[in-house]
There are 2 protein chains.
Amino acid sequence: MLSKKCKYAIHALVYLAEKYHEGPVHIQEIAEKKHIPKKFLEAILLELRNAKVLGSKKGKKGGYYLYQKPADVNLMQIIRLMDGAIALLPCVSLNYYEPCEECRNEKTCGIRDAFGKVRDETLRLLGGSTLDKILKREKILEGN
Amino acid sequence: MLSKKCKYAIHALVYLAEKYHEGPVHIQEIAEKKHIPKKFLEAILLELRNAKVLGSKKGKKGGYYLYQKPADVNLMQIIRLMDGAIALLPCVSLNYYEPCEECRNEKTCGIRDAFGKVRDETLRLLGGSTLDKILKREKILEGN
DNA sequence: TTAAAGTCTATAGATATAATAGATTATTAA
DNA sequence: TTAATAATCTATTATATCTATAGACTTTAA
């Protein structure tokens, strides 16, 4: 399971992708529309800003906006930023690798092999899920 | 990421699958071979026994053994038992579903759609990973 | 009848998650 | 230039979960 922090981040980013051409959006607005605790959302957006996913503007008429194009931000990036590893086991993680105490030989471990395949498929799907595509898919589903 | 509890469970089960025809195996032996804290492993095996994945025998010559055939136990079952939901979001979980506060319409939510696909692929791969296949795959990899 | 091994209950410590509070800084517009 | 607005930053709290351990009890085989 993803953390709530990560889920909130994703919803906030999709919201900001919808408003990509409308200038900075207040934290307050996102928090209300998406039912996210405002102070918690503050911390999340700040982290996304420090990671150059979002930009911000202080003061009146301030707020947050997508720093990158909606087609350039995908779920894989966001999850890695918020929650860390995507793989289910440390020994198959690309970004957070840690060796396994339990297995004698990592190269031939059948468990590692199975979870490696899960990781590959997950990364393929999450990496292909851009904010752009999520919005487009939403439009299609709403059309039915 | 899976919990250590779940990782330990998987390693212990694969070990017991290797010894499927050799009668009960001591906790002590599994703990030593797989470098798992013995007392923690006790609790894990007991839980697997209560779920009818393992059987046990008390006293001298006692120990744990697979209650089901190695071909009938897969990673999906084990993860659900140990860690709960496999889906990354509660709103796409089959066994631990919870509605989402953030989205207006679950049916048309693009985020939900994306994570639904991840869940489908993950379940397909984990459901197909039986103890049997894990062992066979290990043999093949060792052959190289 | 004794040693070995699983069963059960309880609990402790560490870590992560989720959320909140309040002071500070930057910006805009009047 | 000043008042209002909104992000920034630091600190703190509460809760939950994870990981592991302790010890008494029960069952079984030799």
Side-chain angles (χ1 to χ4, degrees), chain A residues 1-12 16 23-32 34-67 79 81-85 88-90 96 98 101-102, chain B residues 1-12 16 23-32 34-67 79 81-85 88-90 96 98 101-102:
Chain A
M1 280 279 183
L2 301 181
S3 66
K4 287 203 175 185
K5 180 183 167 191
C6 187
K7 195 171 71 146
Y8 291 158
I10 293 168
H11 279 280
L16 287 172
V25 179
H26 301 158
I27 293 181
Q28 187 66 37
E29 177 183 333
I30 307 173
E32 278 172 13
K34 294 293 175 179
H35 307 99
I36 301 171
K38 193 197 161 201
K39 273 288 182 181
F40 196 12
L41 184 58
E42 267 186 27
I44 294 166
L45 297 185
L46 193 56
E47 207 173 322
L48 290 169
R49 180 188 160 280
N50 292 335
K52 308 251 194 259
V53 175
L54 294 180
S56 67
K57 200 180 170 189
K58 283 187 177 181
K60 239 172 183 170
K61 299 261 176 183
Y64 281 96
Y65 52 90
L66 269 189
Y67 191 71
I79 295 173
L81 266 175
M82 294 292 116
D83 283 4
L88 291 174
L89 292 181
Y96 299 83
E98 265 179 72
E101 287 295 313
E102 295 83 30
Chain B
M1 280 276 184
L2 301 180
S3 66
K4 288 202 173 184
K5 180 183 168 192
C6 187
K7 194 171 73 146
Y8 291 159
I10 293 167
H11 279 280
L16 288 172
V25 180
H26 301 157
I27 293 180
Q28 186 66 38
E29 179 184 332
I30 307 172
E32 278 173 10
K34 294 293 174 179
H35 308 100
I36 301 171
K38 193 196 160 202
K39 272 288 183 182
F40 197 12
L41 184 57
E42 268 185 26
I44 293 167
L45 297 184
L46 193 57
E47 207 173 321
L48 290 169
R49 180 187 160 280
N50 292 335
K52 308 251 194 259
V53 175
L54 294 180
S56 67
K57 200 181 170 190
K58 283 188 177 182
K60 239 172 182 172
K61 299 262 175 183
Y64 280 96
Y65 52 90
L66 268 189
Y67 191 71
I79 295 173
L81 265 174
M82 294 291 117
D83 282 5
L88 291 174
L89 291 182
Y96 300 83
E98 266 179 71
E101 287 294 313
E102 295 83 31

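The chains referred to below are lettered A, B, ... by the order of the sequence lines, with proteins before strands, and numbering in each begins at 1.
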**Student:** Partners of Phe40(A) by ring pair (Phe, Tyr, Trp, His ring centres under 6.0 Å), sequence neighbours excluded?
**Tutor:**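 Here the qualifying residues are Tyr8(A).
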**Student:** Please work out which residues in residues 53-63 of chain B have a non-hydrogen atom less than 4.0 Å from an atom of DNA chain D and list them by number.
**Tutor:**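 Contacts with DNA chain D under 4.0 Å: Lys57(B), Lys58(B), Gly59(B), Lys60(B), Lys61(B).
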**Student:** Salt bridge (charged side-chain N to carboxylate O under 4.0 Å, His left out) with Glu101(A): which residues, sequence neighbours excluded?
**Tutor:**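 Result, salt bridge (charged side-chain N to carboxylate O under 4.0 Å, His left out) vs Glu101(A): none returned.
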**Student:** Within the 4.0 Å heavy-atom criterion, would you say Ile27(B) contacts the bases, only the backbone, or no part of the nucleic acid?
**Tutor:** sugar-phosphate
**Student:** Please report, rounded to the nearest Å, how far the C1' atom of dT5(D) is from the CD atom of Glu29(A).
**Tutor:** 15 Å
**Student:** Reckon Glu42(A) touches a base, only the sugar-phosphate, or nothing at all at heavy-atom distances under 4.0 Å?
**Tutor:** base
**Student:** Which residues pass the side-chain contact (heavy atoms from CB on, under 4.5 Å) test with Ala43(A), not counting sequence neighbours?
**Tutor:**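 Testing Ala43(A) for side-chain contact (heavy atoms from CB on, under 4.5 Å), a comparison that skips the adjacent residues, returns none.
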**Student:** Is there any side chain to side chain donor-acceptor pair (under 3.5 Å) pair reaching into residues 51-63 of chain A, and which pairs are they, with sequence neighbours excluded?
**Tutor:**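 Passing the test, one end in residues 51-63 of chain A: Arg49(A)-Ser56(A).
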**Student:** With distance as the sole test, does Asp83(B) use its side chain to make a donor-acceptor pair with the main-chain N or O of Ser3(B) at under 3.5 Å?
**Tutor:** yes
**Student:** Please confirm whether the shortest side-chain N or O distance from Tyr8(A) to OP1 or OP2 of dA18(C) is below 4.0 Å.
**Tutor:**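 Tyr8(A) to dA18(C) OP1/OP2: no side-chain N or O under 4.0 Å.
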**Student:** Tell me, please, which residues at least two apart from Lys34(B) pass side-chain hydrogen bond (donor to acceptor under 3.5 Å, both in side chains).
**Tutor:**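 So Lys34(B) forms no side-chain hydrogen bond (donor to acceptor under 3.5 Å, both in side chains) with any residue.
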**Student:** Under the salt bridge (charged side-chain N to carboxylate O under 4.0 Å, His left out) test, which residues partner Glu47(A), sequence neighbours left out?
**Tutor:**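 Counting only residues at least two positions away or on another chain, Glu47(A) forms a salt bridge (charged side-chain N to carboxylate O under 4.0 Å, His left out) with Lys5(A).
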**Student:** Sequence neighbours left out, what passes salt bridge (charged side-chain N to carboxylate O under 4.0 Å, His left out) with Glu32(A)? Give chain and number order.
**Tutor:**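 Partners of Glu32(A) by the salt bridge (charged side-chain N to carboxylate O under 4.0 Å, His left out) criterion come out as none, since no residue qualifies.
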**Student:** What residues in residues 34-41 of chain B put a non-hydrogen atom under 4.0 Å from any atom of DNA chain D?
**Tutor:**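 Within this stretch, Pro37(B), Lys39(B), Phe40(B) sit under 4.0 Å of the strand.
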